[in-house]
Amino acid sequence: MDNSSPILTPPSAPRDFGFFLDGAFVPAGERDVFERSSPGHGVPVSRLPRCSEADLNAAVASSRKAFDDRRWAGLPGAERAAVLLKAAELIRERAEEIAYWETLENGKPISQARAEVGGCIGMFEFAAGLARALHGDSFNNSGDGAMGIVTREPIGVVGLITPWNFPFLILCERVPYILASGCTIVAKPSEVTAVTTLMLAEVLSDAGLPDGVFNVITGSGSVIGQKLAEHMDVDMLSFTGSTAVGRSVVEASGKSNFKKLGLELGGKNPQIVFADADLDDAADGVAFGIAFNTGQCCVSGSRLLVERSVADVFAEKVAEKLRKVRVGDPLDEATQAGAITTDAQNRTILSYIAKGQEEGATLISGGGTPEISGGQYIEPTVFTNVTRDMAVASEEIFGPVLCVMPFDDMDEAIAIANDTEYGLAASVWSKNIDKALTVARRVQAGRFWVNTTLAGGPELPIGGFKASGWGREAGMHGVEEYTQLKSIHIEFGKRNHWVA
Ligand code: NDP
């Protein structure tokens with residue numbers, strides 16, 4: 001594509017892609033084809049095969065063989081690291097193309113897509129080091145006659161089911177770490193945003209990843225995703241998506257081979273703002289936390305808990321910020337909030353906005369559906385007079401809808417924050433270190449931010465408490481998650497006989 005063009009436009013015709021099997025793309029051929037339209041423009045952009053069960057079996061067999069013959073797991077960590085570093089370099093070279101397709105299929109602003117691709121490069125670079133740093137443990141304290149070694153071994157074939165909200169970022173928060181561990185992968189991206197996963201397959205192959213180590217099947221979650229979760233020859237499944245499908249994946253594991261699961265599910269994440277915070281900074285952070293990626297973000301700060309003495313003033317500050325967010329064509333450099341990714345999600349968000357009003361919450365800002373470039377858009381929306389029992393306050397909306405609830409003291413703030421089945425992420429805004437760190441300790445969340453939100457990097461593990469999931473991705477924990485421990489007990493010298 002032409003990187004010099006100042007104004008990006010969708011392609012004039014949809015582009016055909018194949019799925020990726022054993023180191024090569026396989027065109028759709030006789031298979032059904034799914035055509036994806038850009039949610040920001042309403043025009044078809046990509047066409048992908050709907051893989052059959054036979055295709056899935058072929059992909060799993062390819063990953064199985066690549067794992068069992070040790071073409072990847074058997075390499076020194078340094079050689080795995082070299083492939084991951086080369087992949088980082090190739091992603092950097094293709095960053096503009098990847099960001100463009102991410103924006104076309106997902107509807108996120110192109111500037112944001114570019115930044116996310118930049119973050120993904122960092123994931124590969126960091127994970128490369130971890131491929132070399134991964135190690136076990138030893139016990140040299142068992143007396144002169146014995147010692148113990150604990151080794152880490154890659155689990156095997158990993159199924160990877162990723163969602164449509166951050167197709168490339170979520171993929172890259174997992175793939176380099178899984179590869180660093182020595183496992184092989186069968187990836188199943190969301191059908192509506194699969195192109196950048198296929199681009200990663202090409203990047204990895206070009207970087208020298210042996211054939212069969214990374215396969216990509218395309219098709220719908222309910223058909224091909226479900227079959228991947230049930231597959232007897234998949235040793236672990238990493239699933240990111242809805243709590244409902246998370247439950248079905250747990251069931252599928254129990255009914256098949258008890259494959260290990262990594263789950264990153266929903267969130268209803270609190271942002272706790274004390275009166276002593278820098279309220280201008282906090283308002284900006286809270287606005288970012290709910291409008292970023294149009295709130296289609298498992299870690300969106302969708303519940304604003306604010307100290308009562310400043311609640312009204314602060315809610316208005318946030319609303320003021322949100323009114324200025326530039327909602328627009330995702331391919332426009334100036335856009336801050338793009339399109340809603342799927343028709344179903346668009347309907348869901350609008351139904352919650354209607355429900356909030358029916359339940360008696362007060363809509364103080366947003367709620368509109370601007371007409372922009374033929375796509376589907378929703379203005380960032382703020383509700384006040386929200387009570388904990390309302391659906392908008394307790395259910396994950398996965399859209400740019402903020403619910404404001406006041407609190408009187410720290411204990412009440414913590415109680416409201418924890419009054420949810422979820423425990424994915426939370427933020428506190430306060431200049432009082434005692435308050436901020438006490439809240440950080442007591443709020444149940446896998447990720448916590450102090451005087452910021454939606455921040456992080458490849459070093460920090462991600463995942464949830466409670467119904468938000470199992471296990472951790474990224475960081476060293478994210479590599480170890482894809483390994484299993486083996487205890488090796490060694491004895492020296494002459495055996496002390498059991499039978500005289
Ligand atoms: P899903 O959970 O249906 O989709 C997530 C992924 O799972 C996609 O790759 C999907 O494939 C796949 N999938 C769907 N059904 C199955 C199945 N039975 N077995 C295995 N994989 C399956 O989420 P939705 O797209 O329906 O979104 C609904 C809600 O889920 C959102 O409103 C939001 O609340 C939550 N969500 C949370 C995410 C997170 O990051 N935690 C991400 C996305 C959604 P395909 O898309 O091809 O059908």
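Whatever order the structure lists ligands and atoms in, that order sets their numbers, starting from 1. Any value given below was found using the heavy atoms of this structure, including those in side chains, with hydrogens, waters and symmetry copies removed.
Side chains of N215 and S63: a donor-acceptor N/O pair is present below 3.5 angstrom, by distance only.
For ligand 1 and E191, the ligand atoms under 4.0 Å from any heavy atom of the residue are 45 (P), 46 (O), 47 (O). If you number the atoms of ligand 1 from 1 as listed, the ones under 4.0 Å from a heavy atom of P163 come out as 42 (C), 43 (C). Within the listing of ligand 1, atoms 41 (N) sit less than 4.0 angstrom from a heavy atom of E264. Residue G219 has at least one heavy-atom neighbour below 4.0 Å for each of these atoms of ligand 1: 47 (O). The Q345 neighbourhood of ligand 1 comprises atoms 31 (C), 32 (O), with distances under 4.0 Å to a heavy atom of that residue.
Nearest to atom 36 (N) of ligand 1 by heavy-atom distance, out of W164, F398, F239, is F398.
Residue S220 has no nitrogen or oxygen atom sitting less than 3.5 Å from a nitrogen or oxygen atom of ligand 1, judged on distance alone. Distances between N or O atoms of L265 and those of ligand 1 include at least one value under 3.5 Å. Annotation: T240 places no N or O atom under 3.5 Å from an N or O atom of ligand 1; distance criterion only.
Not a single heavy atom of A229 sits less than 4.0 Å from an atom of ligand 1. By the 4.0 Å heavy-atom criterion, I161 is counted among the residues contacting ligand 1. Close to ligand 1: K188, with a non-hydrogen atom less than 4.0 angstrom away.
The shortest side-chain heavy-atom distance between F166 and L171 does not fall under the 4.5 Å cut-off. Residues I110 and T335 have side chains not in contact (no heavy-atom distance under 4.5 Å, counting atoms from C-beta outward). Side-chain contact between E102 and P167 is present, with heavy atoms from C-beta onward closer than 4.5 Å. Using a 4.5 Å heavy-atom cutoff, the side chains of E473 and Y177 are not in contact.
Under 4.0 angstrom from ligand 1, the non-hydrogen atoms of T162 all belong to its backbone. Of the heavy atoms in Q296, none comes closer than 4.0 Å to ligand 1.
K65 NZ: 12 or fewer foreign heavy atoms inside a 6.0 Å radius.
A ring-ring contact (aromatic ring centres under 6.0 Å, His included) check over residues 346-398, counting only residues at least two apart or in different chains, returns the pairs W164-F398. Here salt bridge (charged side-chain N to carboxylate O under 4.0 Å, His left out) pairs that include residues 383-400, with residues two or more places apart or in two chains, are R388-D419.
Atom 26 (O) of ligand 1 lies below 4.0 Å from none of the non-hydrogen atoms of the protein.
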